[in-house]
Amino acid sequence: MPEMLEVESYRQIASRALGRRIEAVEVRDPWFVKGGIDPDAVVAALRRRRFVADRRIGKLLLLDTDDGSTLGVRFGMTGVLELDGVDGIDGLAYGSTRRDPAWERFIVHFDGGGSLRVRDARRLGGVELDPDESRLGPDATTVDRTTLSDALFGSAAPVKARLMDQSRIAGLGNLLTDDLLWRARIDPTRTAGSLDAGEVRRLHSAMRATLRVLGRRGGSHTGDLQDQRHRDGHCPRCGSLLQRQSVGGRTTYWCPAEQI
DNA sequence: CCGGATGTTCACCT
DNA sequence: GAGGTGAACATCCG
């Protein structure tokens with residue numbers, strides 16, 4: 001479920017835990033600890049520390065401790081962050097809201113009884129100590145037109161694949177990308193490097209608009225295309241039958257009449 | 001029952 | 001080197 005809009009919501013929830021003393025850390029699922037580090041090392045790094053800053057780069061949530069280390073959290077497709085029993089997705093449009101204690105993979109207990117919990121049914125997410133932030137491009141909310149243009153320049157890959165390449169631009173997932181390409185009226189299969197200046201301009205403003213509008217509406221599941229993401233789905237603007245095809249390894253929907 | 005689902009990583013091709 | 005494909009992870013939903 002989480003793309004950058006959801007993770008941004010998680011960040012805001014996590015910010016309420018800043019300054020609290022960490023009493024204990026529970027690694028319910030050792031497999032959930034990434035980066036080739038012993039789960040005990042993560043526990044030791046966080047014990048008795050406080051989180052002093054909350055950050056987000058794309059879909060990666062970063063919590064800095066007063067000790068100079070950083071806890072990185074990735075949510076995969078089904079990860080949810082919960083603080084003191086409140087889900088970071090409350091208030092967002094979401095699929096299943098089921099809570100199964102078996103899905104709790106990583107728990108930070110604070111002095112005074114509160115807790116920060118990472119729940120992930122499919123285990124596609126994970127936590128990591130001091131993740132390599134340099135592997136991510138700039139967050140999509142900060143990308144200007146020149147940066148976008150540079151990210152596309154000279155690439156033979158489909159423009160959609162390039163937009164979702166987290167090392168170029170961080171944060172855009174499958175749903176947001178389909179929606180912004182629809183808004184920009186650009187065919188997702190177009191070669192990234194083939195877009196002219198006017199198209200890059202359109203793409204950039206569509207990207208900004210999509211993040212702003214969907215952020216306000218309640219997340220990446222509130223896109224204009226969302227209800228039509230199925231076989232026989234139609235373009236919300238012109239009514240054409242949507243094209244459905246795998247692009248950049250992901251199921252992609254677009255309007256063959258308008259997106260050229 | 002079957003196919004597909006918001007993500008990332010990796011092995012293996014072309 | 002660049003890009004594509006499929007697998008893996010585990011579960012839910014239509």
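The figures here come from the full heavy-atom set of this structure, side chains too, leaving out hydrogens, waters and symmetry mates. Per chain, numbering begins at 1; letters A, B, ... match sequence-line order. Quick caveat: nothing in here was measured; it's all calculated off a predicted structure.
Each of A/T252 and A/Q166 has a nearest nucleotide on DNA chain B; the 5'-most of these lies closest to A/T252.
Closest to the A/W103 side chain, of the nucleotides C/dC12, B/dT8, B/dG4, is C/dC12.
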Under 3.5 Å between N/O atoms: give me all the protein pairs with nucleotides 2-9 of chain C, atom names plus distance.
{"from": "C/dG3", "atom 1": "OP1", "to": "A/S155", "atom 2": "OG", "distance (Å)": "3.1"}
{"from": "C/dG3", "atom 1": "OP1", "to": "A/A156", "atom 2": "N", "distance (Å)": "3.2"}
{"from": "C/dG3", "atom 1": "OP2", "to": "A/R162", "atom 2": "NH1", "distance (Å)": "3.4"}
{"from": "C/dC9", "atom 1": "O3'", "to": "A/R123", "atom 2": "NH2", "distance (Å)": "3.3"}

Nucleotide N/O to protein N/O under 3.5 Å, stretch nucleotides 9-13 of chain B:
none

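Listed by chain and residue number, nothing satisfies the side chain to side chain donor-acceptor pair (under 3.5 Å) test with A/H234 (two or more places apart in sequence, or in another chain). In terms of the side chain to side chain donor-acceptor pair (under 3.5 Å) criterion, A/D150 has no residue partners (sequence neighbours excluded).
In this structure, A/Q228 places its CD atom 16 Å from C1' of C/dG14, rounding to the nearest Å.
For the pair A/T78 and C/dC12, the criterion of a side-chain N or O lying under 4.0 Å from OP1 or OP2 is not met. Between B/dA5 and A/R250, no contact under 4.0 Å exists linking OP1 or OP2 to a side-chain N or O. OP1 or OP2 of B/dT8 sits under 4.0 Å from a side-chain N or O of A/K59.
Through chains of ILVMFWY side-chain contacts below 4.5 Å, A/L242 is grouped with A/W182, A/L225, A/Y253.
A/K160 pairs with exactly one of A/D165, A/D178, A/D187, A/T177 by the side-chain hydrogen bond (donor to acceptor under 3.5 Å, both in side chains) rule, that one being A/D178.
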_Please convert DNA chain C into dot-bracket. A pair counts if it is Watson-Crick or G-U wobble with both distances under 3.5 Å; crossing pairs go in [ ] and bases paired with another strand get |._
.||||||||.||||
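Taking atom C1' on both nucleotides, B/dC1 is separated from C/dC9 by 22 Å, rounded to a whole Å. Here, B/dG3 and C/dG6 have their C1' atoms 16 Å apart, quoted to the whole Å.
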*Evaluate side chain to side chain contact (heavy atoms under 4.5 Å, CB included) for A/E199 paired with A/H204, printing each intermediate quantity in order.*
CA-CA 8 Å; A/E199 290 170 327; A/H204 182 248; over 6 Å; no
*Let me see the working for A/T70 and A/D64 under side chain to side chain donor-acceptor pair (under 3.5 Å), right down to the final yes or no.*
CA-CA 4 Å; A/T70 298; A/D64 300 321; 2.7 Å; yes
